[in-house]
Protein chains: 2
Amino acid sequence: MRLSTKGRYAVTAMLDLALNGKNGPVTLAEISENQGISLSYLEQLFAALRNKDLVRGVRGPGGGYYLGKSADEISIANIICAVDEWVEFTRCGGRQNCSGGARCLTHTLWDDLSSEIFNFLANISLGDLVRRNLGKKEEEESPLSVVGDSNSQAA
Amino acid sequence: MRLSTKGRYAVTAMLDLALNGKNGPVTLAEISENQGISLSYLEQLFAALRNKDLVRGVRGPGGGYYLGKSADEISIANIICAVDEWVEFTRCGGRQNCSGGARCLTHTLWDDLSSEIFNFLANISLGDLVRRNLGKKEEEESPLSVVGDSNSQAA
DNA sequence: GTATTACCTAGTAATTCACTTGGTAATTAG
DNA sequence: CTAATTACCAAGTGAATTACTAGGTAATAC
């Protein structure tokens, strides 16, 4: 597993899309403005996200991006793997050169941990994140503010 | 949260230490040999680990490293934070320049997710990892064989 | 004293990060 | 049809990070 600032940018952008894309596509220019990420970097990230069918682009005026599936079907692990390329952690290169003992054991331990982290992130969806936070907001403060309504919560 | 190959090296080395350090200190030369990590890179990692009291060095012949506390008191998050410096993810720089709406909301969402990942890793100790794997080994195969083949999951 | 170990500093090639520049292709509005 | 708008694409870049090498010093055991 790999979790870098690049993954954070991708998750942040996807969150923005999930929040603002409910009625119509969202342009990268908007996300760039909202989140303070350069447009061209977003283009690169979204190329990767598109390859994994996590987003769908529409060209021309009025175009932009939709989520490729429902927010509940997109896990955080999906997003991070799409942009971070999931470098397969050495795992002894097929057990050939692995000196038999301590090395392979720690590799196994690491692999186990690694898949636990992956499963953890695979069980959190974009939809979860959004709902969880909106719920919290409504508990903590007045339900009217900022996000309760159907349309643009960009404020 | 940040989870890079550097963190993996650190966790791997700490696992090696936990496994082999039960009777006497372990030298970095041994870990370097066992895990295929360069000696000098290990020195750098262990400098960071030592700063956080996760390991304790003993100089001179017969010296090496001990765990700084019991394996149960050392979490994976501790290790990763020690070497990866935990870059506090922008979080709007105190909410000044954060344009009030969507940006701050996604930052909050990310921060929540980030602390969830942290808590997850904070709840796994070195001791957990070792015990879990040894237990599994004993179930799956004969307790004698040091390290076998078996599982290759993790994707 | 000498060997062994931790401990420290500086440098480095390769890679990654986040971005800039400068395009092309599809679609809509006029 | 033309012009504007958007996605899409490719190449390059400075800065940072990675994993390592080289060359030390300091403490300790024998």
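Please read these numbers as outputs of a predicted model, since none were measured by experiment. Every chain is numbered from 1, with letters handed out A, B, ... down the list of sequences.
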Between A/Val58 and A/Gln44, who's closer to the 5' end of DNA chain D by nearest nucleotide?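 Nearest-nucleotide comparison on DNA chain D picks A/Val58.
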Considering just the side-chain nitrogens and oxygens of [X], establish if one lies under 4.0 Å of OP1 or OP2 belonging to [N].
X: A/Ser40; N: C/dT21; answer: no
X: B/Thr27; N: C/dA6; answer: no
X: A/Thr5; N: C/dA18; answer: yes
X: B/Arg50; N: C/dC7; answer: yes

Original post:
How is A/Leu28 classified with respect to the nucleic acid when contacts are heavy atoms under 4.0 Å: base, sugar-phosphate, or nothing?
Top reply: sugar-phosphate
Please report, rounded to the nearest Å, how far the [atom2] atom of [N] is from the [atom1] atom of [X].
X: B/Arg59; N: C/dC7; atom1: CZ; atom2: C1'; answer: 5 Å
X: A/Arg8; N: C/dC17; atom1: CZ; atom2: C1'; answer: 13 Å
X: B/Glu43; N: D/dA19; atom1: CD; atom2: P; answer: 16 Å
X: B/Leu45; N: C/dC8; atom1: CG; atom2: C1'; answer: 15 Å
X: A/Leu42; N: C/dT21; atom1: CG; atom2: C1'; answer: 17 Å
X: B/Asp84; N: D/dA19; atom1: CG; atom2: C1'; answer: 13 Å
X: A/Lys6; N: D/dT18; atom1: NZ; atom2: P; answer: 15 Å
X: A/Arg56; N: D/dT6; atom1: CZ; atom2: P; answer: 17 Å

Going by an N to O cut-off under 4.0 Å, is there a salt bridge joining A/Asp84 and A/Arg8?
no
Looking at B/Asp53 and B/Arg50, is there a salt bridge between them, counting it only when a charged N and a carboxylate O are closer than 4.0 Å?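 Not counted as a salt bridge, because no side-chain N and carboxylate O are separated by less than 4.0 Å.
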ask   = Is there a donor-acceptor contact under 3.5 Å linking the side chains of A/Ser75 and A/Asn78?
value = yes
Exercise. On the 0 to 90° scale, with breaks at 30° and 60°, tag the B/Tyr41-B/Tyr9 ring pair as parallel, tilted or perpendicular.
Key: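 B/Tyr41 vs B/Tyr9 ring planes: perpendicular.
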- Keeping the roles fixed (side chain from B/Ser114, backbone from B/Trp110), state whether a donor-acceptor pair exists under 3.5 Å.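 Side chain of B/Ser114 to backbone of B/Trp110, a donor-acceptor pair under 3.5 Å: no, none is there.
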Can you identify which nucleotide, out of [options], has its nearest atom closest to the [X] side chain?
X: A/Ser38; options: C/dT20, D/dA19, C/dC7; value: C/dT20
X: B/Ile37; options: C/dC8, D/dC20, C/dA25; value: D/dC20
X: B/Tyr9; options: D/dA19, D/dC8, D/dA27; value: D/dA19

Of A/Leu39 and A/Pro61, the one whose nearest nucleotide on DNA chain C sits closer to the 5' end is A/Leu39
